[in-house]
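Notes follow once the structure below has been shown.
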Number of protein chains: 2
Amino acid sequence: MFERKLLVASPLAKARRNPNSMKAKILSSASKSFGSYGFHGATTRMIAKEAGVDISTLYYHWGEKQDLYEAVVTDLDEKIRHKLEQIEKIVKDQPLSTRFEIAIDRLCDFFFDRPEIPNLIQFCYFSKIRPDSNLRFKVPVYINNIAIAIAIGTSKSRDEISTKAKTRVLAAFNSIFNFVSAENMFRPMLGISRPEYRVIVKDTLKFILIPAFTSMPDLK
Amino acid sequence: MFERKLLVASPLAKARRNPNSMKAKILSSASKSFGSYGFHGATTRMIAKEAGVDISTLYYHWGEKQDLYEAVVTDLDEKIRHKLEQIEKIVKDQPLSTRFEIAIDRLCDFFFDRPEIPNLIQFCYFSKIRPDSNLRFKVPVYINNIAIAIAIGTSKSRDEISTKAKTRVLAAFNSIFNFVSAENMFRPMLGISRPEYRVIVKDTLKFILIPAFTSMPDLK
DNA sequence: TCTTTTCTCCATCAAATGTTGGAAGATTAT
DNA sequence: ATAATCTTCCAACATTTGATGGAGAAAAGA
């Protein structure tokens, strides 16, 4: 009960309840800025400017830069979790190859429309934050548990799943993030249009992942 | 001849000729700092401190922060190219699955020992640099051409290779970067040691990639 | 309507960060 | 040995960036 109260009273919960509020608008701008430039690359002025407000309004709503960043990460975390749970329901009781096909399709659509999410995750994965910042390091770790559940199904207890299998799911999941985040770099290399890119990425992921995973005894 | 002269006279070439010089030492520190924190996250003071010199010594040798950053990227570019060319020679005339096996092995060893290289590449791929910076955007693009050559062999002209095939090579290549760069995030998830991680990553990459690629008519 | 609270902006501050000048030390050439 | 050059550091400067106080507008409550 106590925890529930804390959750509801949190600034983030408040922003989520009313997506048109200034708080939510700033959060959204922050998401994009942090996603594009990273924690240090994004400035509070830049975020405020994109939200169309004065910088002190930002501080009024969110406090320190670090607090805002944490809110962004927590928020993205919830969004992914929600999406994954949604997919989990859809693919339940499907055969493995179908599970993968659907999951890849849905996730690609979801992330291509919200590229800041994979960007932010990537930053969490391998960009350090300066030691002098007293940021409570928060990482979207559990999403991988759900990813594993999708890939493997809920039939087995998670402890039973081998490290090998987990690693393969990580690889699969991260390939999606990669293609979305690095679109601006990859697309010119391939010389194709945006829509073409989306199609070919899905195709590639399915092509690489499905045969690999369906041949895994662990997942059967 | 003129170009050759320019190349030799460049600051970077000078640093490479003498790896014990202060110039080279600063370049190496810069590599690590930019690799860990990104362009904006790494400060000139931080780089100088790691190199054990005063900050003005850094500016004396390399000029603006942006110039130093460009030198770092160019340098890493050359290193990768060299490694890829080396591997290309080894795997030449081997069957496709062997080519992949060797390439994955060598590349993993190489990158795991120099994690700043994949880090920097990842930053190039999806971290923006603030617009006010007048950084000439420089990207390690061509490395993908060589990667494609390794994967596919030099038998075909590169123009003949389908976009699909190129995309698949991109996916493969990037999976390696990912596992190396995100080790600090992935390893705790999997609950394994450093050496175990290295082994399982190689295994995973081979498991996923080799079957996918050897079944590709394009690459035969 | 009047009061209270919430919100937004302007002006400003302090610290961090990029950058430079010049003095002094080290190295090389003559 | 002496001059010339290269290298390093200390001190400082200008700008950027994180952060705040306070005045007034807007909204909510009485």
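By convention in this document, chain letters (A, B, ...) are assigned in the order of the sequence lines, proteins followed by strands, and residues within each chain are numbered from 1.
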Dump the pairs, protein N or O against N or O of nucleotides 22-29 of chain C, anything under 3.5 Å, distances to one decimal.
none

Check salt bridge (charged side-chain N to carboxylate O under 4.0 Å, His left out) between [X] and all other residues, then give those that pass, not counting sequence neighbours.
X      : answer
B:D113 : B:R198
A:D54  : none
A:K206 : A:D105
B:R187 : B:E183

Residues in side chain to side chain donor-acceptor pair (under 3.5 Å) contact with A:E196, at least two apart in sequence or another chain: A:S193
side-chain contact (heavy atoms from CB on, under 4.5 Å) against A:K25, all qualifying residues, sequence neighbours excluded: A:M22
Test side-chain contact (heavy atoms from CB on, under 4.5 Å) applied to B:T167 - qualifying residues, sequence neighbours left out: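 With sequence neighbours excluded, B:T167 shows a side-chain contact (heavy atoms from CB on, under 4.5 Å) to A:F179, A:L190, A:I200, A:T204, B:T163, given in chain and number order.
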Atom pairs and distances, donor-acceptor, side-chain atoms in residues 39-50 of chain A, under 3.5 Å, two or more places apart:
residue : atom : partner : partner atom : Å
A:H40   : NE2  : A:R130  : N            : 2.9
A:T43   : OG1  : A:M46   : N            : 3.0
A:T44   : OG1  : A:Y59   : OH           : 3.4

Selection from C:dT8, D:dT7, D:dC9 that lies nearest to any side-chain heavy atom of A:Y60: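 Out of C:dT8, D:dT7, D:dC9, the nucleotide with an atom closest to A:Y60's side chain is C:dT8.
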Spacing between B:K25 atom NZ and D:dT7 atom C1', to the nearest angstrom: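 Result: 14 Å.
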Atom pairs under 3.5 Å, N or O on each side, protein against nucleotides 15-19 of chain D: can you list them with distances?
residue : atom : partner : partner atom : Å
D:dT17  : OP1  : B:R130  : NE           : 3.4
D:dT17  : OP1  : B:R130  : NH1          : 2.9
D:dT17  : OP1  : B:R130  : NH2          : 3.4
D:dG18  : OP1  : A:K65   : NZ           : 2.7
D:dG18  : OP2  : A:T44   : N            : 2.9
D:dG18  : OP2  : A:T44   : OG1          : 3.0
D:dG18  : N7   : A:R45   : NH1          : 2.8
D:dG18  : O6   : A:R45   : NH2          : 3.0
D:dA19  : OP2  : A:Y59   : OH           : 3.4
D:dA19  : OP2  : A:K65   : N            : 2.9

Difference in axis direction between the ends of the helix from C:dT1-D:dA30 to C:dT30-D:dA1, five pairs, 10°: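 That helix has its two terminal axes inclined by roughly 10°.
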Partners passing ring pair (Phe, Tyr, Trp, His ring centres under 6.0 Å) against B:F111 (at least two apart in sequence or in another chain):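 Counting only residues at least two positions away or on another chain, B:F111 forms a ring pair (Phe, Tyr, Trp, His ring centres under 6.0 Å) with B:F177.
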